[in-house]
Participant: 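Below is a structure I'd like to ask you about.
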Amino acid sequence: MSNLHAKGRNFLRAPVFDWNCRDFSNQFIMARSRLLLLGFLIALSTCCFNTVVLGQTTPENEVSAMKAVYSRLKDPMKNLRRWGKGDPCTSEWSGVICAFDQKDGYLHVRELRLLRRNLSGTLSPELGRLTHVVILDFMFNNISGSIPKEIGNMTALNLLLLSGNQISGHLPDELGYLPNITRFQLDLNNISGPLPKSFANLPKAVHFHMNNNSISGQIPPELYKLPQLIHFLLDNNNLTGYLPEELSMMPKLRIIQLDNNNFEGTEIPKSYTNMSTLLKLSLRNCKLQGAVPDFSTVPKLLYLDLSYNKLNGTIPTNKLASSVNTIDLSNNQLDGTIPSNFSHLQRLQNLSLENNYLSGDVPTDIWQNLSFASASKLLLNFQNNALTNIAGNLNPPPNVTVLLEGNPVCRRANELDITRYCGNQTHTREDLPNTSNRTCPSVNLCPVSGGYEYVPDSPDGCICSAPLGVGFLLRSPGISDFPPYFEMFRHYITSNLQLDLYQLQISTPFVWEKGPRLRLFLKLFPLYTEDQFNETALQDLVDKLATYTIPGNDTFGPYDLLNFTLSGPYEYYDVIPTSSGMNKGVLAAIVLGSISCVAIIIMAIMFIFLKVHPKKQKDQEQKEKTATVPMKVDGIQRFSFEELSKAADDFTDRNQIGQGGYGKVYKGMLADGTVVAIKRAEQASLQGQKEFFTEIELLSRLHHRNLVSLVGYCDEQNEQMLVYEFMTNGSLRDILSGNDGAARYGNPLNFRVRLNVALGSARGLLYLHTEADPPIIHRDIKANNILLDRKYNAKVSDFGISRLFSEPDTDGSVSAHVFTNVKGTPGYVDPEYFMTHKLTEKSDVYSLGIVFLEILTGLKSISHGKHIVQEVLTACQEGQMFSIIDRNMGAFPSECIEKFIALALRCCEDEGKARPTMLEVVRELEDITAMLSQSDTITSELDSSGSAIPGSLSLSIYRRSTYTSGNDLVSGVIPTIRPR
Ligand SMILES: *[C@@H]1O[C@H](CO)[C@@H](O)[C@H](O)[C@H]1NC(C)=O
Ligand SMILES: *[C@@H]1O[C@H](CO)[C@@H](O)[C@H](O)[C@H]1NC(C)=O
Ligand SMILES: *[C@@H]1O[C@H](CO)[C@@H](O)[C@H](O)[C@H]1NC(C)=O
């Protein structure tokens with residue numbers, strides 16, 4: 001189970017085409033042709049009735065606003081895929097959802113969904129120009145700075161979701177001008193200053209969730225004008241002044257939660273007892289004084305917490321609403337006796353009266369009428385009062401806890417037989433009831449690593465399917481004990497998500513957090529007929545949860561979405577859609593709208609033609625299946641053949657910059673001026689479509705400064721192309737061979753640059769081995785695949801033949817290595833891998849070692865039939881180590897070179913075990929770099945003959961037996977090298 005955000009990666013993924021799942025692909029294709037038809041119809045109607053619609057775009061001011069928003073954000077984990085490039089609506093910026101507006105013919109940014117994307121930086125005032133945005137969600141990031149007053153211009157804004165950041169500064173008055181806002185979710189920030197009076201003018205505001213900030217000053221009495229407000233959550237702030245009695249005039253207010261503020265010396269307004277809608281009043285630790293108001297007139301009350309104040313007088317004796325489950329009046333200065341009016345409360349869970357001055361009898365009938373659920377428990381905490389007697393016989397059932405310690409009555413504990421209530425007991429909460437009647441096989445037949453789990457209660461018995469994990473917080477529940485409400489909660493969630501009961505599991509233990517708030521982890525399972533959610537179903541669930549469409553529930557109060565856990569088959573889904581996730585019909589219309597009307601009509605005719613010739617249609621489908629399988633990858637652009645052909649000047653030879661087993665590589669310039677490298681597969685390329693998509697899918701998820709980034713791809717007209725960022729300085733091989741002409745003008749690769757290239761390559765590979773999830777073995781590391789950018793930083797390229805670690809074998813178990821046909825390039829292939837066919841990350845270490853030797857010597861991995869390892873070892877053996885160092889390298893400190901050669905040769909050990917790990921390689925290179933920086937004076941320089949031998953030679957000891965060069969097994973015994 002991998003919690004994606006915990007791994008610091010974007011947990012919102014593009015749905016990647018699942019190659020192992022035929023059904024899915026067929027469905028996809030069918031859905032696609034239906035979509036196409038829909039698209040035709042929409043596009044045709046657009047065409048015929050709205051004159052011509054060509055290439056819809058986003059208005060310029062929104063594009064620039066989005067770019068400004070981006071410029072203020074810091075995105076260390078590179079979670080804002082595609083941001084900053086092109087148009088936010090048509091270039092698939094992740095988390096940006098757009099909609100097409102019929103009225104003005106533009107696309108508009110409609111939602112920014114950026115929950116938990118590890119973002120920092122600040123919110124740009126330019127947000128104010130996004131006047132079509134309905135949802136602004138930056139929850140649980142590290143955004144700092146203040147809320148720009150310009151947000152007040154986002155007139156369409158419905159949900160302002162900024163919980164869980166570092167936002168400071170005041171709440172701008174301008175937020176009170178948002179005519180459509182329903183939800184302010186600003187809790188868990190550092191917001192200070194007053195609650196603006198202007199907030200009283202919000203006609204649609206339903207939720208004020210602003211707890212856990214430093215909001216100060218008086219609560220504006222004007223807020224009573226809020227016609228729709230139901231949740232007023234400002235606990236844990238720095239509010240002062242008094243509690244306005246006017247709040248009771250809010251017609252819909254259900255929850256007032258203001259704990260941990262400071263209303264020193266003021267009283268609880270009597271008017272609050274007249275609120276016909278009030279469910280929960282929580283005023284813990286607010287320095288309130290005066291009497292406890294009589295809440296018997298509140299008809300639906302569930303939860304009353306007035307603890308930790310300075311309330312005095314007696315406890316009102318009128319009967320409370322029978323719905324009440326929690327009464328906490330503890331830690332006040334209440335006197336008098338415990339009234340008898342609690343005994344009719346059938347749902348009571350918690351009556352806390354401890355630390356007061358209550359006297360008289362301990363009632364023994366409070367639990368008489370309890371009748372709710374079998375899991376019900378009741379806590380009666382009367383500790384530290386002045387209770388002197390027991391009214392009758394104290395003999396509660398086991399699920400009722402009575403605490404009497406610290407009362408005078410406990411001095412007679414033995415006599416009254418109440419010792420067990422006088423001890424220092426604590427009320428323990430139980431885990432959730434086990435609702436399953438079935439048990440699944442204890443042998444784990446479910447592929448655990450695949451993110452699958454048993455669903456015991458499905459109509460089909462124990463099935464194995466992959467859940468969507470949801471972190472869910474009840475932020476102000478109206479109960480203090482959850483198990484009795486467990487079933488109710490399951491019904492509440494499943495009915496609103498249109499799931500069957502068995503499709504929801506609630507993980508135990510659940511956690512009560514300060515507040516108190518209840519943190520739950522839900523697992524939502526697909527229908528029992530499926531083993532995983534299809535994309536649409538998953539998307540639907542995520543949309544419902546992320547946009548707060550589950551209606552509030554009186555018992556459970558407002559909820560918050562904390563995270564999604566997408567593992568197993570969903571790992572690569574971007575469930576917060578990119579801009580392409582907008583209404584699919586609209587998308588199709590846009591796509592087609594950019595084609596001319598004539599073309600559409602021709603296509604429509606063709607479509608009809610194909611329909612009346614089923615065989616041809618079948619052929620067409622067949623072709624679609626094999627030639628143009630659609631896929632969506634977050635952050636990766638899909639190019640048409642025309643676009644790329646234009647970019648590369650019809651793929652003229654002049655633009656060819658490389659050639660691989662896969663095909664030719666061309667330099668090209670995209671319409672927006674970006675220079676790219678286009679890898680065009682040859683028709684008869686051995687790399688199948690599978691490899692093609694493997695590479696796209698892998699690359700789209702990998703982001704590291706030492707990896708070449710994928711910009712886009714093209715898969716049409718029997719063409720497969722990959723579009724990469726262009727590397728100005730070509731490949732390491734080119735530069736070492738002087739192919740680029742650089743040598744003529746003085747080879748730029750001095751020792752420091754070479755060391756940096758080595759380090760960069762190693763870091764890129766370390767990322768692949770350890771950070772990528774699942775880890776990736778490159779399998780084809782060679783100097784041709786190390787590219788250099790403008791500043792000669794190394795970037796590893798070509799993941800075309802990468803294979804994933806931990807790929808399940810056919811029997812479903814996971815082995816530590818992957819059995820596979822040997823792939824790679826002669827000269828670089830790990831001899832152990834070659835012999836055993838067992839691929840491990842040490843194979844990459846070997847190949848990288850070869851690259852290091854090339855960096856050091858300038859030689860090719862195999863030249864004149866000799867393998868580079870053999871060459872270097874021979875030189876070392878003859879004490880001529882420095883004679884094989886590349887003459888173009890210039891000056892270098894000998895001890896650095898020695899260490900580097902030693903490292904390279906260790907990487908090239910025959911046995912994987914003997915080679916360092918990639919991490920060790922990186923560490924060692926970092927050490928050498930540090931050493932280089934320290935040696936201000938160059939200690940050794942090659943003379944023109946290239947045969948200079950420096951003084952201290954302290955090579956480590958190598959003993960080698962056999963090694964392979966490519967497919968040839970070469971043997972040789974290498975003697976120990978000793979310092980002179
Ligand atoms: C709360 O307000 C008081 C004065 O009203 C001030 O001294 C204190 O620093 C404030 N606390 C915070 C956390 O802002
Ligand atoms: C409650 O306390 C206030 C002052 O804190 C005092 O004026 C009042 O008389 C007290 N009431 C009772 C019933 O003790
Ligand atoms: C306590 O447990 C019994 C038996 O399990 C049950 O009937 C009752 O409803 C439970 N709840 C309370 C609060 O007594």
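Order of listing sets the numbers, starting from 1, for every ligand and every atom in it. The figures here come from the full heavy-atom set of this structure, side chains too, leaving out hydrogens, waters and symmetry mates.
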Participant: For residues 410-417, please give each side-chain donor-acceptor pair under 3.5 Å, one per line with the distance, not counting sequence neighbours.
Facilitator:
| from | atom 1 | to | atom 2 | distance (Å) |
| --- | --- | --- | --- | --- |
| Arg412 | NH1 | Glu415 | OE2 | 3.2 |
| Arg412 | NH2 | Thr388 | O | 3.0 |
| Arg412 | NH2 | Asn389 | OD1 | 3.4 |

Participant: Give the residue and atom name of whichever protein heavy atom lies nearest to atom 10 (C) of ligand 2, and the separation in Å to one decimal.
Facilitator: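 Protein heavy atom at minimum distance: Asn312 ND2, 2.4 Å.
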
Participant: Could any protein non-hydrogen atom be found less than 4.0 Å from atom 7 (O) of ligand 2?
Facilitator: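 It does not; no protein heavy atom is within 4.0 Å.
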
Participant: In terms of side-chain geometry, is the basic nitrogen of Asp554 or Lys300 positioned less than 4.0 Å from the acidic oxygen of its partner?
Facilitator: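 No.
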
Participant: Just to confirm my output: which protein heavy-atom neighbour is closest to atom 13 (C) of ligand 2, and how far is it?
Facilitator: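 The protein heavy atom lying closest is Gly313 CA, 4.0 Å.
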
Participant: Can you establish whether the number of heavy atoms outside Phe295 located under 6.0 Å from its atom CZ is more than 12?
Facilitator: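 Counting other residues, nucleotides and ligands, CZ of Phe295 exceeds 12 neighbours.
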
Participant: Show the atom names and distances, to 0.1 Å, of all donor-acceptor pairs under 3.5 Å that link a side chain in residues 187-203 to residues at least two apart or in another chain.
Facilitator:
| from | atom 1 | to | atom 2 | distance (Å) |
| --- | --- | --- | --- | --- |
| Asp187 | OD1 | Ser163 | OG | 2.6 |
| Asp187 | OD1 | Arg475 | NH2 | 2.9 |
| Asp187 | OD2 | Arg475 | NH2 | 3.1 |
| Asn189 | OD1 | Asn165 | N | 3.0 |
| Asn189 | OD1 | Gln166 | N | 3.3 |
| Asn189 | OD1 | Ile167 | N | 3.0 |
| Asn189 | ND2 | Leu162 | O | 2.9 |
| Asn189 | ND2 | Leu186 | O | 3.0 |
| Asn189 | ND2 | Asp187 | O | 3.3 |
| Ser198 | OG | Asp173 | O | 2.7 |
| Asn201 | ND2 | Ser198 | O | 3.3 |

Participant: Around atom 5 (O) of ligand 2, find the nearest protein heavy atom and jot down its residue, atom name and distance.
Facilitator: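 For atom 5 (O) of ligand 2, the nearest protein heavy atom is Gln289 OE1, 4.0 Å.
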
